[in-house]
There are 2 protein chains.
Amino acid sequence: MPHLLLKDLPRYECLLEAAREFPDLDPSAAAAFLHLLHTSDEAFAISDRSLAAHNISHGRFGVLMLLWQGVQPRAAKLMGAGECVPGPRTPAALADAANVTRATMTGLIDTLERDGYVKREPDPVDRRQMSVRLTPSGMKFMEAFLPGHFRSIAGIMGTLTEAERKTLVRLLVKVQQQTAALRGRPQGAPAPAAG
Amino acid sequence: MPHLLLKDLPRYECLLEAAREFPDLDPSAAAAFLHLLHTSDEAFAISDRSLAAHNISHGRFGVLMLLWQGVQPRAAKLMGAGECVPGPRTPAALADAANVTRATMTGLIDTLERDGYVKREPDPVDRRQMSVRLTPSGMKFMEAFLPGHFRSIAGIMGTLTEAERKTLVRLLVKVQQQTAALRGRPQGAPAPAAG
DNA sequence: GGCTGACAATTAGCCTCCTAACTGTTTTGG
DNA sequence: CCAAAACAGTTAGGAGGCTAATTGTCAGCC
C-alpha cells in the first residue's frame with residue numbers, strides 16, 4: 001500500500017560523511033526529505049489499515065468522500081465546498097477532484113459499484129455523461145466508518161501540541177510551495193525567487 | 001505513482017465547521033495529517049520524475065542503493081551501515097531492508113537483471129540462496145544518477161532554513177514515534193503514555 | 001444536413017505492489 | 001536415515017495506478 005521506502009533511515013552522521021564524497025548531497029535537506037517521506041508513509045499505513053479493515057482502499061475512500069459531500073450538507077464543509085455546493089458527480093469531475101486519470105476513476109467506480117456503494121446513472125441531458133451516486137449502503141458505510149477514521153487521525157497527531165501542529169503545517173506548506181514551483185522545471189534549475 | 005489524494009485540501013475553517021458535526025474530528029490534527037500526506041506526495045512525485053527520466057522506479061532505485069552500499073565503501077556511510085559493513089545480498093535480506101515482501105523483491109530483481117543493472121548468482125554453500133550483485137553497468141548508472149538526485153532533493157528542501165529543517169525533522173520524528181506506538185494497537189485505544 | 005473536431009467514458013495493456021500457494025533445499029529429530 | 005518442519009525463492013493471481021487507443025455523443029461550420 002505505501003511507497004517502497006528503506007526500513008531504516010540513514011543516521012545523520014552518515015549523511016554528513018557521505019556529503020564529503022558527494023558535493024551535491026545536502027545532509028540536512030536529505031534528512032528532512034527522507035523523514036518526510038518516511039513519516040508520511042507510516043501515517044498513511046495506519047490510516048490505510050483502518051480502511052483495509054473495512055475492505056476499502058484509500059482511492060475508493062477518496063471517491064466516497066467526494067460523493068458523500070454531495071449528499072450530506074455537513075460533509076460539504078469538510079471537503080472545502082464553501083456552502084453546500086453539490087460535489088462532483090461525473091467520472092471526469094471525480095477524477096479531477098481526486099487527482100487521478102479518468103481511466104483510473106472508471107476502475108474505482110467499477111469496484112465501488114460492484115460492492116454496492118455507488119451507482120452509475122445515465123445523464124438524461126448529455127448522453128456522453130454518467131452521474132455517479134452514493135447508494136444507501138454507501139452512505140451507511142461512510143457514517144459508520146468516519147468517526148473511527150477521525151479518531152485514528154487524531155491519535156496519530158495527538159503526540160503534537162497545538163503549537164507544534166501549527167508549525168508543522170507551516171513548514172509543510174513551504175515545502176509544498178517549493179514543489180509546486182519546481183514542477184515542470186528541470187531538476188537543477190534555479191527557482192524563480194520562491195523564497 | 002503517488003497515493004491518490006484529493007487535489008485540494010479542505011480549508012481550515014471547513015474543518016472547524018465539520019468538527020461541530022463530528023466530535024471525533026480534531027481539526028488541527030486532520031489539517032496536519034492531510035498536509036503531511038499531501039506534501040510528501042508532492043516531494044515524492046518530484047523525485048520520482050527524475051527517476052522516471054532514467055527509466056527507473058522508486059522501488060528499483062531502493063534496491064540499487066542497497067546493493068551499491070555493499071560495493072562502494074563511501075556508499076555504506078550513506079546507507080547507515082556504520083563502517084563499511086557489506087550490505088544485504090540475498091533477496092530475503094534486500095526485501096527486509098527495503099521493507100517489501102520477498103515476492104516483490106523477486107520482481108524488482110527480475111527487471112533490474114533484465115535491464116542489466118544487477119546479476120543473480122547461486123550461493124555455493126546454501127543452494128536455496130541467491131546472491132545479487134551490482135553489475136558494472138549498474139554501478140555506472142548509480143554514479144551518473146546520484147548527483148542529480150541529490151540536487152533534486154536539495155532543491156525541494158532549499159526553501160527551508162537550517163533551523164526550519166531541524167524543526168521539521170524533530171516534529172516528524174515525534175509523529176513517527178507515535179505511529180510506531182500505534183502500530184498493532186486498535187485505532188481508538190489509548191497510547192501508552194506516549195507524550 | 002452532414003463532416004470534423006472536441007469531449008465523456010471505457011477498454012486494453014503495462015507496471016509495481018500485495019497475498020497465498022508452490023518448489024526445492026536444509027535442518028531437525030525420532 | 002528418513003520424514004517433517006523451516007526456510008529461500010519463485011510463481012500465480014489480484015488490486016490500483018498509468019498511458020494510449022476506442023466508442024459514442026455533442027457542437028460548430030460549410
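The figures that follow rest on heavy atoms only: side chains count, while hydrogens, waters and symmetry mates do not. Chain letters run A, B, ... following the sequence lines, proteins first and then strands; every chain starts at 1.
- Rounded to an integer number of Å, the gap from CZ of Phe44(A) to C1' of dG16(D) is 11 Å.
- Among the heavy atoms of the strands lying under 4.0 Å from Val125(A) are primed sugar atoms or P, OP1, OP2 only; no base atom is included.
- With sequence neighbours excluded, the residues satisfying side-chain contact (heavy atoms from CB on, under 4.5 Å) with Ala103(A) are Thr101(A).
- Under the salt bridge (Lys or Arg N to Asp or Glu O under 4.0 Å) criterion, Glu42(B) pairs with Arg183(A), sequence neighbours left out.
- For the ring pair (Phe, Tyr, Trp, His ring centres under 6.0 Å) condition, no pair includes a residue of residues 153-177 of chain B, sequence neighbours left out.
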Derivation of the salt bridge (Lys or Arg N to Asp or Glu O under 4.0 Å) call for Lys174(B) and Glu164(A): CA-CA 10 Å; Lys174(B) 272 187 97 164; Glu164(A) 284 174 332; 3.2 Å; yes
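- Note: CG (Asn55(B)) to P (dC15(C)) measures 11 Å, nearest angstrom.
- Atom CG in Leu108(B) sits about 9 Å away from atom P in dC18(C), given to the nearest Å.
- Through side-chain heavy atoms spaced under 4.5 Å, either directly or across other Ile, Leu, Val, Met, Phe, Trp or Tyr residues, Val173(A) is tied to Val169(A).
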Please tabulate, one pair per line, each protein N/O and nucleotide N/O from nucleotides 10-14 of chain C that are separated by under 3.5 Å, including the distance.
| residue | atom | partner | partner atom | Å |
| --- | --- | --- | --- | --- |
| dT10(C) | OP1 | Arg120(A) | NE | 2.8 |
| dT10(C) | OP1 | Arg120(A) | NH2 | 3.4 |
| dT10(C) | OP2 | Thr106(A) | OG1 | 3.1 |
| dT10(C) | OP2 | Arg120(A) | NH2 | 3.4 |

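- Under the 30°/60° scheme for interplanar angles, the aromatic rings of His54(B) and Phe141(B) are found to stand perpendicular.
- Dashed line: the shortest gap from a side-chain N or O of Arg127(A) to OP1 or OP2 of dC26(D) is under 4.0 Å.
- Whole-Å rounding puts the Leu112(B) CG to dC17(C) P distance at 10 Å.
- Judged purely by distance below 3.5 Å, without hydrogens or angles, the side chains of Thr111(B) and Arg60(B) pair a donor atom with an acceptor atom.
- For an aromatic pair to be called close, the ring centres must be under 6.0 Å apart, and His149(A) with Phe61(A) satisfies this.
- Here the C1' atom of nucleotide dA9(C) and the CD atom of Glu121(A) are 16 Å apart, to the nearest Å.
- Remark: C1' of dC17(C) and CZ of Arg60(B) are 14 Å apart, rounded to the nearest angstrom.
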Side chain to side chain contact (heavy atoms under 4.5 Å, CB included) assessment of Thr90(A) paired with Gln129(A): CA-CA 7 Å; Thr90(A) 67; Gln129(A) 293 188 10; 3.5 Å; yes
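- Judged by distance alone, with hydrogens and angles left aside, Arg128(A) brings no side-chain donor or acceptor close enough to the base of dC26(D) to form a pair under 3.5 Å.
- Atoms CD1 (Ile56(A)) and P (dG14(D)) sit 19 Å apart, rounded to a whole Å.
- The shortest distance between the side-chain N/O atoms of Thr101(A) and the OP1/OP2 oxygens of dC18(D) is below 4.0 Å.
- Stem regions annotated for DNA chain D: C:1-30 with D:1-30, counting only runs of 3 or more consecutive pairs of Watson-Crick or G-U type with both contacts under 3.5 Å.
- Atom CD of Gln129(A) and atom P of dT25(D) are 13 Å apart (whole Å).
- In terms of phosphate contacts, Ser57(A) brings no side-chain nitrogen or oxygen within less than 4.0 Å of OP1 or OP2 of dA15(D).
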